[in-house]
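Written out below as structure tokens is the structure these notes cover.
All of these numbers come straight from a predicted model, not from anything done at the bench.
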Amino acid sequence: MKVTIYTDTATLPALPSGSYFHSRELMELCLRTPHHKPYMAVVVDDDGEVVANLLAVEQYRYAWMLPQLHRHVRILGEGVYRTKKDDDPWSKNMVFSMMLDALTRKVQNHILYMEVSHLSQKMFGYAPLRAVGYFPVRWMSIHNSHHSHAPEERISERQLQRIEAAMARGIETHEVESEEDYKHFFRLLHRHYWFKPRRYIPADDFFKEMQKAGRCKMLITTYKGKTLGCAMYVYSDGDAYLWYSASRRKSYATLHPNAVTYWNTIRYTYKDNCKHIRFMDVGLPFRHNPYRDFILSFGGKEVSTFRWFRTRLAWANKLASWLWRE
């Protein structure tokens, strides 16, 4: 077997179906989006058939001084793998190791750090990631299931009462459709992430094209003509992933815009027949984490996981590995 890194889709072979985060469609969208550079690792067997693929996306800002400090790479999930045949000699762990190693060698010298997150299992890829110099950080993952109970059966009574009282006063959530909605959505989103340097917001057309293709849904929460909240979730392999969200929760605390936005997002994904809604950035597993407790009030399930990082400094990776040792 061999692995090849593609930076465009002109010669990209047909890929196995699965996660949207590792699809040709997302790669093409990233190629059209400013400050994005995708790398698709593809493994083929001795017969030339595709075994698996893994998409890494470099995001960057232009800077005249130390440009590598403004570049990072994210990998969401472990990639997509074809259905294994009885005589296939490979394992997912082995193929993942090949793709990860190739991608790391490709980009490691011109970026600040690489991040691997949202693996399906906590210990998946543990040995390959350690071998290439990544270090694990304990992280929290929360998802709400839709296949056995309706959202109304899972949310805490206190949270539901708070939301119903706010909605009775006139706050509401609807899909982003008009140019006016787009303007207010992006304005709030960019303001919210202005002081969050680790979270990079793509150009507005990135979201619009994804919505036009039916791959995501954007919601906006309003009150008397004012935008108080927004959320954007992506469809992938039967699930919904809450990728970006923002709210004016401090300015309009009595209306609970963050709770109303999250609640209506959960209801939208339930109506869309998604199996789960997955909250993508819950954060570190601190004993007191208000954001985590807030999400759990909607009836979600908490899961401990790892988020893996690798900087361009070998000594920093070794030090971090020691600090975050098991």
Decide yes or no on salt bridge (Lys or Arg N to Asp or Glu O under 4.0 Å) for Arg307 and Asp281, but give the supporting numbers first.
CA-CA 11 Å; Arg307 190 165 284 200; Asp281 283 287; 2.9 Å; yes
field: Side chain Lys92, main chain Phe124, donor-acceptor under 3.5 Å
entry: no
- Query: Short question: side chain of Arg24, backbone of Pro13 - any donor-acceptor pair under 3.5 Å?
  - Reply: yes
Closer than 3.5 angstrom, by distance alone: can the side chain of Asp237 be matched with the main-chain N or O of Ser19 as a donor-acceptor pair? no
A quick test of your reading: do over 12 heavy atoms of other residues, nucleotides or ligands sit less than 6.0 Å from CG of Asp293?
yes
Applying side chain to side chain donor-acceptor pair (under 3.5 Å) to Gln211 and not counting sequence neighbours gives Tyr182
Pair His174-Asp181, side-chain contact (heavy atoms from CB on, under 4.5 Å): steps then yes or no: CA-CA 10 Å; His174 63 270; Asp181 285 343; 3.5 Å; yes
Quiz item: Can you list the steps and then say if His110 with Arg312 is a side-chain contact (heavy atoms from CB on, under 4.5 Å)?
Solution: CA-CA 8 Å; His110 69 274; Arg312 62 196 308 269; over 6 Å; no
task = Would you please classify the geometry between the Trp308 ring and the Tyr126 ring as parallel, tilted or perpendicular, with 30° and 60° separating the classes?
result = perpendicular
Hits for salt bridge (Lys or Arg N to Asp or Glu O under 4.0 Å) against Arg215, two or more places apart or cross-chain, chain-then-number order -> Glu25
Across all chains, not counting sequence neighbours, the side chain to side chain donor-acceptor pair (under 3.5 Å) partners of His118 are none
Sorted by chain and residue number, the side-chain contact (heavy atoms from CB on, under 4.5 Å) partners of Asn317 (sequence neighbours excluded) come out as Phe135, Arg310, Thr311
Next on the checklist: For His72 and Gln59, which I'm curious about, is there any donor-acceptor pair between the side chains at under 3.5 Å?
Outcome noted: yes
Intermediate values then yes/no, ring pair (Phe, Tyr, Trp, His ring centres under 6.0 Å), His36 and Phe206: CA-CA 10 Å; His36 281 61; Phe206 178 85; 5.7 Å; yes
Considering residues, nucleotides and ligands other than Glu157, do more than 12 of their heavy atoms fall under 6.0 Å from its CD?
no
Applying ring pair (Phe, Tyr, Trp, His ring centres under 6.0 Å) to Phe298 and not counting sequence neighbours gives Phe294
Side-chain (Glu78) to main-chain (Ser120) donor-acceptor, under 3.5 angstrom:
yes
On a heavy-atom basis, the closest approach of Asn144 and Gly300 is OD1-CA, 3.1 Å
| message | For the NZ atom on Lys301, are there more than 12 heavy atoms of other groups (residues, nucleotides or ligands in this structure) within a distance under 6.0 Å? | response | no
Original post:
With distance as the sole criterion, is a donor-acceptor pair present between the side chains of Gln159 and Arg162 under 3.5 Å?
Top reply: yes
Asp272 meets the salt bridge (Lys or Arg N to Asp or Glu O under 4.0 Å) criterion, sequence neighbours left out, with Lys217
Heavy atoms of other groups near Lys275 NZ, more than 12 under 6.0 Å: yes
- Task: List the steps and the verdict of side-chain contact (heavy atoms from CB on, under 4.5 Å) for Val260 and Met167.
- Result: CA-CA 8 Å; Val260 173; Met167 294 180 69; 4.3 Å; yes
Residues passing the side chain to side chain donor-acceptor pair (under 3.5 Å) test with His143, sequence neighbours excluded, are none
Residues pairing under ring-ring contact (aromatic ring centres under 6.0 Å, His included) where one sits in residues 6-30, two or more places apart or in two chains, turn out to be Phe21-Tyr241, Phe21-Trp243
Looking only at heavy atoms, the pair that brings Tyr291 and Val282 closest together is CD2-O, 3.4 Å
For Thr265, the side-chain contact (heavy atoms from CB on, under 4.5 Å) test, sequence neighbours excluded, returns Leu219, Ala231, Tyr233, Leu242, Thr261, Ile277
Ser304 meets the side-chain contact (heavy atoms from CB on, under 4.5 Å) criterion, sequence neighbours left out, with Lys122
Val107 and Ile111 have their tightest heavy-atom pair at O-CG1, 3.4 Å
Sorted by chain and number, sequence neighbours left out, ring pair (Phe, Tyr, Trp, His ring centres under 6.0 Å) with Tyr252 holds for none
_Using only atom types and a distance under 3.5 Å, with no angle test, would you say the side chain of Asp101 pairs donor to acceptor with the backbone of Ser97?_
no
Answer yes or no: is there a donor N or O on one side and an acceptor on the other, between the side chain of Arg248 and the main chain of Asn258, under 3.5 Å?
no
Please determine whether the number of non-hydrogen atoms from other residues, nucleotides or ligands lying under 6.0 Å from atom CZ of Arg191 exceeds 12. no
Residues 37-45 side chain polar contacts: donor-acceptor under 3.5 Å, at least two apart:
unit_1, atom_1, unit_2, atom_2, d
Tyr39, OH, Glu58, OE1, 3.0
Asp45, OD1, Asp47, N, 3.0
Asp45, OD1, Gly48, N, 3.1
Asp45, OD1, Glu49, N, 2.9
Asp45, OD2, Arg82, NH1, 3.0
Asp45, OD2, Arg82, NH2, 3.2

Would you indicate whether Lys208, at its atom NZ, is surrounded by more than 12 heavy atoms from other residues, nucleotides or ligands within a distance under 6.0 Å?
-> yes
message: Pair Arg292, Ser297 - check side chain to side chain donor-acceptor pair (under 3.5 Å), show working.
response: CA-CA 9 Å; Arg292 176 195 60 204; Ser297 69; over 6 Å; no
Could you go through Lys183 and Glu180, starting from their C-alpha distance and side-chain angles, then the distance that decides it, and tell me whether this counts as salt bridge (Lys or Arg N to Asp or Glu O under 4.0 Å)? CA-CA 5 Å; Lys183 183 178 71 174; Glu180 191 70 13; 3.4 Å; yes
Compute whether any side-chain donor of one residue and acceptor of the other, for Thr221 and Thr173, lie under 3.5 angstrom apart. yes
Output for pair (Leu54 CG, Ile5 CD1), nearest 0.5 Å, gives 8.5 Å
Are His146 and Asp239 linked by a side-chain donor-acceptor pair shorter than 3.5 Å?
no
